[in-house]
Asker: 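The structure follows.
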2 protein chains.
Amino acid sequence: MAEALTSEAILAATEEVLRRYGPAKATVVDVAKALGVSHGSVYRHFATKAALREAVTRRWLDAVHEQMTPRFDQGLTVGETLKTWLQQLFDKKRHGHTEDPELFATFQVLVKESKAIPEYHIRHMVGLVARIISAGVETQEFVTDDVAATAKAVWDATEKFHHPAHAQEWGDPHIQDAFDAVVSLVIAGLRYNRTPSAAGDA
Amino acid sequence: MAEALTSEAILAATEEVLRRYGPAKATVVDVAKALGVSHGSVYRHFATKAALREAVTRRWLDAVHEQMTPRFDQGLTVGETLKTWLQQLFDKKRHGHTEDPELFATFQVLVKESKAIPEYHIRHMVGLVARIISAGVETQEFVTDDVAATAKAVWDATEKFHHPAHAQEWGDPHIQDAFDAVVSLVIAGLRYNRTPSAAGDA
DNA sequence: GGACTGACAGATTTCAATATCTGTCAGCCG
DNA sequence: CGGCTGACAGATATTGAAATCTGTCAGTCC
C-alpha cells in the first residue's frame, strides 16, 4: 500500500518514536509499527539499530551546526564576536536543557552512544571557532602561530559551558559570572599567546 | 574486649573495607565485622552510612590538599609556577587513574555522593590557585582586579584536566598537547585580563 | 550507668525466570 | 526479480520474590 519505504521516512519515524518513548525505550519494532511495516524492512535500509540512531543524530546535529555558523557583524571586534558566539552556544545548550529537558536528554544520550559522533561534532565546532580566530588574526586583534591548535584550546578551556557532563552545573545562579570570567580570560589570552609546541615540529 | 572503639579506628577499618570491596559492595556490616563489633556500635559514632563515608572521604581529600600546597621556587616565574602546579594536579589525577584505577574510582564515587564534599574540595583548590595568582599580581607578572574570581576562572578553564567527568579523555595520546595549549592560553590571559563585572557591584 | 549487643521493620539489592528485542533469512507477493 | 514479511536464535531487558542491608532501640553486661 501507500508509498515506497524510504530511508528518510524511517529517519522521521525514528525521531518521532525517540521523542515519544525516549532513547531507553525506543525500539526498532516501535519504528516499524509507526510506519506500518515489519521491522525486517527497516533493516533493509539500516544495517543495525546503532546505525539508525546514529543517522538520526547526525541529521539533528547538522541542523545545530547550521545554526551555529558564526556571523561577523561589522560593528563588533572579533573578540566580541567570539564572546557572542560562545554565549549563543552556551544559551542553546542551557535553554535546550531547561526548556525541553526530555528531547535534550535524548540527543545527549544518542550523541554519547557512538565514538564517531562526538568527534564529528567537535571537529565541526572547533572548525567554527578557528574561523573566528582566523578573522582575529587577520585584523591583528589576535596573535597565534597555530590557529587550529588555538581554536582547540579555546574549545577545551570553555568545556564547562558546552560539555554535557557539566549540564547539571548550568543551573547554578553564578554560572553566567563564571562564563564571563573564563571567556574574558581566554580572549585576553588570544590577544597575546604563543602555542608552546603544536602537533608539527620545527 | 581489647581497646575502646574509637571513631579513628572505624575510619581506618572503613577505608580498608572500601579498598577491598569497592564503594558499591562495602557495607556497614562489613566494617563492623572487620572491627569485631556489632554494626550497631558503628552507629554510635556515625549517625548514618553516608556520614561515615563522607568522613573517610574528607580525610583522604585533606591528604591530597596537603600534597598540593604550591611551592614557590625562586628561579621560576609565577607563570611557570602555575603551569607546574596545574601539571602536578593533572599528573596526580591521571596517574591515580591509570596506576591504581580501583582506589581512584572508589574515591571518585565517594566524592560524588555528597554535594558538600566537591564544594569543599573545589573551594580549597581554587584557594590554592588564588595564592599563586596573588603572588603573580605582587610581582606584576599578572594583572587582575579580582584574584578570587580569576582563580575560579583558571580552575574552570582547566576543568578538562582535573574534573573526573573527563577522566576517559586523559588516555588520549594528544592530551598533553591540549593541556599545554590551554595552560599557555590561560597564562597569556593572566598577563592582561580584567574580569568584566565580578560578584560585587560598582 | 554507659558502651555494646542483637533482634527487628522498612528500604534496598540480588537473582533467576520470563518476556521482549535485535538481527537473519527463507519464502511470499506484486 | 526485488522489496517485503514473519518466524526464529541468541542477546538483552523486565519483573517480582527472596535475601541483605540500614538504622533503631530495648535490654545485657561489666
Side-chain angles (χ1 to χ4, degrees), chain A residues 1-58 102 105-106 108-110 112-117, chain B residues 1-58 102 105-106 108-110 112-117:
Chain A
M1 48 199 80
E3 303 287 299
L5 183 62
T6 63
S7 294
E8 181 51 35
I10 294 174
L11 287 178
T14 303
E15 197 171 320
E16 176 55 24
V17 167
L18 280 165
R19 192 183 277 273
R20 219 204 299 277
Y21 300 107
K25 298 281 186 179
T27 72
V28 176
V29 172
D30 292 331
V31 173
K33 210 173 293 173
L35 289 162
V37 299
S38 82
H39 76 281
S41 298
V42 173
Y43 281 96
R44 181 161 301 282
H45 295 263
F46 296 93
T48 64
K49 181 187 187 184
L52 173 58
R53 290 167 78 118
E54 191 172 315
V56 173
T57 309
R58 213 174 273 267
E102 287 181 40
T106 293
Q108 196 168 298
V109 168
L110 290 175
K112 271 205 294 189
E113 272 174 7
S114 116
K115 227 174 73 118
I117 288 280
Chain B
M1 45 199 79
E3 304 287 298
L5 182 62
T6 64
S7 293
E8 181 51 35
I10 294 174
L11 287 177
T14 303
E15 197 170 321
E16 177 56 23
V17 166
L18 280 165
R19 190 183 280 272
R20 222 206 295 281
Y21 300 106
K25 298 280 186 178
T27 71
V28 176
V29 172
D30 291 331
V31 173
K33 210 175 293 175
L35 289 162
V37 299
S38 81
H39 77 280
S41 298
V42 173
Y43 281 96
R44 181 162 300 281
H45 296 262
F46 296 92
T48 64
K49 182 187 187 183
L52 173 58
R53 290 167 78 118
E54 190 172 316
V56 173
T57 309
R58 212 173 273 266
E102 289 181 40
T106 293
Q108 197 167 297
V109 169
L110 291 175
K112 271 205 294 188
E113 273 175 6
S114 115
K115 226 174 72 120
I117 287 280

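Lettering of chains follows the sequences in order, A, B, ..., and the numbering in each one begins at 1.
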Asker: Please report the shortest heavy-atom distance between A/Thr106 and A/Gly22, naming the atom on each side.
Answerer: OG1-CA, 4.2 Å
Asker: Tell me: CZ of B/Arg53 to P of D/dC21, nearest whole Å?
Answerer: 13 Å
Asker: Is any side-chain heavy atom of A/Pro23 less than 4.5 Å from a side-chain heavy atom of A/Gln108?
Answerer: no
Asker: Quick test: give all pairs of protein nitrogen or oxygen and nucleotides 5-7 of chain C nitrogen or oxygen below 3.5 Å, distance rounded to 0.1 Å.
Answerer:
from, atom 1, to, atom 2, distance (Å)
C/dT5, OP2, B/Ser38, N, 3.0
C/dT5, OP2, B/Ser38, OG, 3.3
C/dT5, OP2, B/Ser41, OG, 2.6

Asker: Working to the nearest 0.5 Å, report the span between OG1 of B/Thr57 and NZ of B/Lys112.
Answerer: 13.0 Å
Asker: Return the value, rounded to whole Å, for the distance between atom NZ of A/Lys49 and atom P of C/dT22.
Answerer: 4 Å
Asker: For A/Leu18 and A/Ala26, work out which heavy atoms get closest and say how close.
Answerer: CD2-CB, 3.8 Å
Asker: Hey, what are the protein-to-nucleotides 13-18 of chain D N/O distances that come in under 3.5 Å?
Answerer:
from, atom 1, to, atom 2, distance (Å)
D/dT14, OP1, A/Lys25, NZ, 3.2

Asker: Please round to the nearest 0.5 Å and tell me the distance separating atom NZ of A/Lys49 and atom NE2 of A/His39.
Answerer: 11.5 Å
Asker: What pair of heavy atoms forms the shortest contact from B/Ala116 to B/Glu54, and how long is it?
Answerer: CB-OE2, 4.3 Å
Asker: Mind calculating the distance between CG (B/Leu5) and C1' (D/dC29) to the nearest angstrom?
Answerer: 17 Å
Asker: For DNA chain C, which residues of residues 27-35 of chain B approach it to below 4.0 angstrom with any heavy atom?
Answerer: none
Asker: Considering heavy-atom distances to DNA chain D, does B/Tyr43 or A/His45 have its closest nucleotide positioned more toward the 5' end?
Answerer: A/His45
Asker: Quick one: CG on B/Leu52 to OG1 on B/Thr14, what's the gap to the nearest 0.5 Å?
Answerer: 4.0 Å
Asker: Who are the salt bridge (charged side-chain N to carboxylate O under 4.0 Å, His left out) partners of B/Glu102, not counting sequence neighbours?
Answerer: none
Asker: Taking the side chain as every heavy atom from C-beta outward, state whether A/Ile117 and A/Arg58 have any atom pair closer than 4.5 Å.
Answerer: yes
Asker: Quick one: side chains of residues 41-48 of chain B, donor-acceptor pairs under 3.5 Å with protein atoms, not counting sequence neighbours, listed by atom name and distance.
Answerer:
from, atom 1, to, atom 2, distance (Å)
B/His45, ND1, B/Ser7, OG, 3.3
B/His45, NE2, B/Leu5, O, 3.3
B/Thr48, OG1, B/Ala50, N, 3.4
B/Thr48, OG1, B/Ala51, N, 3.0

Asker: What residues, two or more places apart in sequence or in another chain, satisfy salt bridge (charged side-chain N to carboxylate O under 4.0 Å, His left out) together with A/Glu16?
Answerer: A/Arg20
Asker: Could you tell me how far apart B/Ile10 (CD1) and C/dA3 (C1') are, to the nearest whole angstrom?
Answerer: 12 Å
